[in-house]
Asks: 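Mind looking over this structure? Questions follow.
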Amino acid sequence: MTTPGALVIFGATGDLAQRMLFPSLYYLDHDGLLPDDFRIIGAARHKATNDAFRDDVRAWVKERAGDRDISEKTWDRFASRIAYFSGDATKPDSYEELKALIGDPPGGSIFYLSTAPFLYKPIVEGLASRDMTGAPNRIILEKPIGRSRATCEEINEAIGAHFDEERIFRIDHYLGKETVQNLIALRFANALFEPLWDRQSIEYVQISVAETLGVDGRFSYYDEYGASRDMVQNHLLQLLSMIAMEPPSDLQAESMRSEKVKVLRSLRPIQSHDLPRLTVRGQYAAGEIDGETVVGYTQEEDGKHSNTETYVALCAHIDNWRWAGVPFYLRTGKRMPKRASQIIIKFRDVPHSIFPDSQLDANKLVIRLQPEEAVSLEIMNKTPTLTTGDYELQPLWLNLSLDEAFKSRPRRRIAYERLLLEAINNNSALFVRRDEAEAAWQWIDRILEGWAKLDMTPDLYKAGSWGPPGGDKIFQQPQHKWFE
Ligand code: BG6
């Protein structure tokens, strides 16, 4: 496929475009990674001139760059690529004008849908009505794709009627993170882990994504979704499937995604009667983050009553040969005490201890995804002493800081940079396939339906705490716990 000639961003004045998409494109341009003559068209409803829109984009890029200067040379080149299109996505005439603006680039265009999901169908139909959906045109869909399996299917059907699956790029920005990709390297480029990567050696797995942020001005979106739909259905289940998948035959998109979807399909549905012991729903109340007082979730928007969860913890099981009986504890929450995303693999105890007077900690592999990027392994060691008889033992860490190891290597600043580049280069490996998105929804739907049936409303937790009291009930054994 030839290189696409244009990227059209629908929802070009929205939060995502401002904070992620335009800054990412600027950085790609800065590093010479955008194709020559590649145009960027921001499409949104309100009226603005090209120049006024470029000024907005410059302000967004500057905001993201913080203290760093933006390069005038890059800016001039970048600005010359940008045009603004004002139109109503639901009006067919808009697409005639859009088509005239894009022209007919030989490599086609990429349409990035960063709007509310209810606009996906009208946009695709509008594009189709003016013959803009055939190959080599591509489409990128921002999450959330639907609010349930049924609504996700509806969107997939509507898009699939005009774009073949290999031209649809569903975003989960966690797949663009360096450390998330490193999971594949860690698992499949080292002989050390694979023989231990199963129910024989692993007691449990923990995936925790904690944020200090609240809803950050996105109340109306968030209140419709909550942590299960906003984080678990996509980011956490993607992490789980990468940890649990079988070795793929190669790194091709279809090989990787076929292995991930098998894991998602093997997730044991959580029955309603098990929800009270296998899941926790929480919602943050007022509290303190980094010494600053913050309001509770329902005060974020004029004290509107809400049963939306901002915290969820659950115990998942994967019913297959490798993982039978191994709990996967998933947890995510807003307004937690610190920003920390990590995966912990807790190995089993030694089968028999010859150190009667010492407590042996089972080995633990910790993969820190953010804010710092690191891999650590906790192992038992002898403490240097002159005592005779029993050993004095102590757990110590083997630490690998990826930030330190690669400090001379340029790191991509935003996960979206990589994803945009991959879409431009037509590589789908870091995007979610239709069956993956639908399988993940199916598992989440069952939980959401059960919560509604049991009227399981969220328990309050103080902002700046690790979730509602009693959240440890999901642990299958008394010695299991969250590592913070
Ligand atoms: C987004 C969610 O997908 O991921 C947000 O919609 C969340 O609610 C964000 O804050 C977290 O992403 P990151 O990269 O900061 O961990």
Side-chain angles (χ1 to χ4, degrees), residues 11 14-21 23-24 27 63-64 66 112-117 140-147 152 169-183 207-240 242 281-284 289-290 294 297 300-301 306 308-312 330-343 367-374 403 411-420 430-432 436-437 440-441 444 458 463 467:
D15 181 63
L16 186 83
Q18 296 187 19
R19 287 192 305 120
M20 303 289 175
L21 304 182
S24 296
Y27 287 129
E63 168 82 25
R64 180 79 202 198
Y112 195 128
L113 273 47
S114 171
T115 60
I140 303 181
L141 302 179
E142 190 47 57
K143 75 160 251 284
I145 300 175
R147 281 185 84 248
C152 176
F169 296 76
R170 293 179 194 80
I171 293 253
D172 181 313
H173 80 274
Y174 268 50
L175 298 182
K177 290 183 189 265
E178 194 72 60
T179 32
V180 173
Q181 283 170 30
N182 196 37
L183 293 176
I207 301 176
S208 171
V209 177
E211 299 183 85
T212 50
L213 284 180
V215 282
D216 208 18
R218 295 191 307 155
F219 188 92
S220 56
Y221 151 77
Y222 193 87
D223 205 48
E224 286 289 302
Y225 286 80
S228 322
R229 293 184 172 100
D230 183 52
M231 295 291 288
V232 185
Q233 187 272 341
N234 34 80
H235 308 325
L236 274 83
L237 288 185
Q238 281 293 327
L239 294 176
L240 173 138
M242 289 170 93
R281 290 183 86 192
Q283 186 188 79
Y284 64 83
I289 301 278
D290 294 332
V294 295
Y297 176 72
E300 301 270 7
E301 188 95 339
S306 168
T308 298
E309 77 285 349
T310 60
Y311 169 100
V312 56
L330 310 185
R331 170 177 76 172
T332 184
K334 296 208 178 279
R335 292 291 191 218
M336 304 267 100
K338 62 177 183 189
R339 177 169 186 248
S341 302
Q342 58 185 16
I343 299 171
I367 306 165
R368 277 188 227 283
L369 306 177
Q370 55 193 29
E372 72 278 23
E373 304 180 2
D403 298 321
R411 315 282 278 170
R412 298 317 314 172
R413 303 147 190 97
I414 313 175
Y416 279 89
E417 290 180 60
R418 182 185 312 273
L419 297 175
L420 286 162
L430 300 182
F431 297 85
V432 180
E436 281 181 88
W441 272 122
I444 292 292

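Note that ligands are numbered from 1 as they come in the structure, with each ligand's atoms numbered from 1 the same way. When a residue number appears, it is its place in the shown sequence, counting from 1.
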Asks: Tell me which residues fall inside the under-4.0 Å heavy-atom shell around ligand 1.
Replies: Lys143, His173, Tyr174, Lys177, Glu211, Arg218, Asp230, Met231, His235, Lys334, Arg339, Gln370
Asks: Centre of Tyr311's six-membered ring, under 6.0 Å away, within 45 degrees of the axis: is that where NZ or CZ of Arg331 sits?
Replies: no
Asks: When you check the gap from the basic side-chain N to the acidic O, do Glu211 and Arg339 get nearer than 4.0 Å?
Replies: no
Asks: Tyr297: which residues meet the ring pair (Phe, Tyr, Trp, His ring centres under 6.0 Å) condition with it, sequence neighbours left out?
Replies: Phe219, Tyr284
Asks: Answer with yes or no whether the side chains of Ser228 and Gln233 bring together a donor and an acceptor at under 3.5 Å.
Replies: no
Asks: Once side-chain hydrogen bond (donor to acceptor under 3.5 Å, both in side chains) is applied, do any residues pair with His235, and if so which ones, sequence neighbours excluded?
Replies: Asp172
Asks: What residues, two or more places apart in sequence or in another chain, satisfy side-chain hydrogen bond (donor to acceptor under 3.5 Å, both in side chains) together with Ser306?
Replies: Asp223, Thr308
